[in-house]
Amino acid sequence: MNNKRTRIYEGKAKILYEGPEPGTVVVHFKDDATAFNAEKKAVIEGKGVLNQRISEYLFTKINEMGLPTHFIRSLNMREQLVREVEIIPLEVVVRNVAAGSISKRLGIEEGKPLPRSIIELYYKNDKLGDPMVTEEHVTAFGWATPQEMDDIVHMSVRINDFLSGLFLGIGIRLVDFKLEFGRYYENDMMRVVLADEISPDNCRLWDMKTNDKLDKDRFRRDMGGLVEAYQEVAKRLGIIQQGEIVERSLKLVKND
Ligand code: UDP
């Protein structure tokens with residue numbers, strides 16, 4: 001494709017390039033998978049395409065709900081155009097059912113529904129291994145203002161209600177997920193917008209009937225079948241047709 005693009009940043013699963021107009025960024029979804037703060041790594045062909053398409057679908061719906069996001073449009077199977085934002089250094093985890101770190105930390109059996117949805121905050125810092133923090137830390141250290149935290153919590157609750165219902169409709173339990181937010185300056189106005197991605201890389205999605213994991217835990221826990229699981233999510237959302245295989249999408253990308 002266009003090799004003259006300026007690379008702004010390369011992360012674990014995505015590369016950011018300067019966008020075609022000021023204030024825009026191109027996000028390229030890689031096939032790289034990492035877990036446990038990048039101690040475990042692999043390349044899983046087809047993952048980037050599936051994540052891009054699932055995230056495009058979910059961000060479009062969230063935009064349609066009237067919640068602001070960084071998403072503008074997809075450019076091809078692997079890339080999307082987004083608004084340039086200043087990332088707020090927080091990982092906002094929303095949980096409906098106990099799994100992963102909350103199960104370990106508090107000794108709650110995986111799969112146990114939580115008495116109510118819980119929002120947790122983690123300080124986004126790889127060197128420190130993304131430590132859990134409270135709103136007190138966030139506002140005291142100035143990572144976000146109290147008003148921004150209000151917007152973040154309010155949007156996270158609405159996104160959880162919306163996504164839980166959407167996945168319920170296709171036989172999937174939304175166990176938990178992680179969101180990131182950014183600041184977007186529109187004229188002199190600053191607002192908080194949803195950023196990053198929503199895909200099986202940062203959600204726990206369990207089949208309602210079988211409890212099969214349709215998310216990145218397949219990689220974290222060496223279960224195999226990750227692309228097949230992500231494809232299943234995309235099929236149920238109606239993003240890819242029954243029979244459409246990722247290899248086809250990959251060929252289209254390679255011919256770019
Ligand atoms: N998560 C994520 N990035 C992270 C940590 C967590 O996307 O750096 C997601 C993860 O996929 C899960 C949810 O946030 O859907 C809760 O993760 P948890 O705290 O249980 O941590 P984990 O077990 O993944 O270490």
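Along the sequence shown, residues carry numbers from 1. Whatever order the structure lists them in is the order used to number ligands and atoms, beginning at 1.
- The protein heavy-atom contact nearest to atom 1 (N) of ligand 1 is Lys178 CB, 3.8 Å.
- Under 4.0 angstrom from ligand 1, there are no non-hydrogen atoms of Glu120.
- Across Ser101, Ala38, Pro200, heavy-atom proximity to atom 19 (O) of ligand 1 is greatest for Ser101.
- Legend: ring pair (Phe, Tyr, Trp, His ring centres under 6.0 Å) pairs involving residues 197-231, not counting sequence neighbours: none detected.
- The aromatic rings of Phe59 and His70 lie tilted to each other, with the angle between the two planes from 30° to 60°.
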CA sep, side-chain torsions, deciding dist, call: Glu56, Gln80, side-chain hydrogen bond (donor to acceptor under 3.5 Å, both in side chains)
CA-CA 8 Å; Glu56 168 199 21; Gln80 45 186 241; over 6 Å; no
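- Proximity of Asp201 to ligand 1, defined as any heavy-atom pair under 4.0 Å, is confined to the backbone N, CA, C and O atoms.
- The closest side-chain donor-acceptor pair between Glu120 and Tyr122 falls under 3.5 angstrom.
- When Thr34, Asp176, Asp130 are ranked by how near their heavy atoms come to atom 13 (C) of ligand 1, first place goes to Asp176.
- Proximity annotation for atom 17 (O) of ligand 1: of Arg105, Met132, Arg204, Arg204 comes nearest, heavy atoms only.
- Electrostatic pairing of Arg204 and Asp176 counts as a salt bridge here, judged by a charged N lying under 4.0 Å from a carboxylate O.
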Carefully, step by step, assess Arg183 and Asp151 under the rule salt bridge (Lys or Arg N to Asp or Glu O under 4.0 Å).
CA-CA 11 Å; Arg183 296 186 185 95; Asp151 286 350; over 6 Å; no
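- Atom 11 (O) of ligand 1 has as its closest protein heavy atom Arg220 NH2, 2.8 Å.
- With a 4.0 Å cut-off on non-hydrogen atoms, Ala35 does not touch ligand 1 at all.
- The existence of a salt bridge linking Asp161 and Arg158 is excluded, since no basic side-chain nitrogen approaches an acidic carboxylate oxygen closer than 4.0 Å.
- Looking at Arg95 against ligand 1, only its side chain comes within 4.0 Å, counting heavy atoms.
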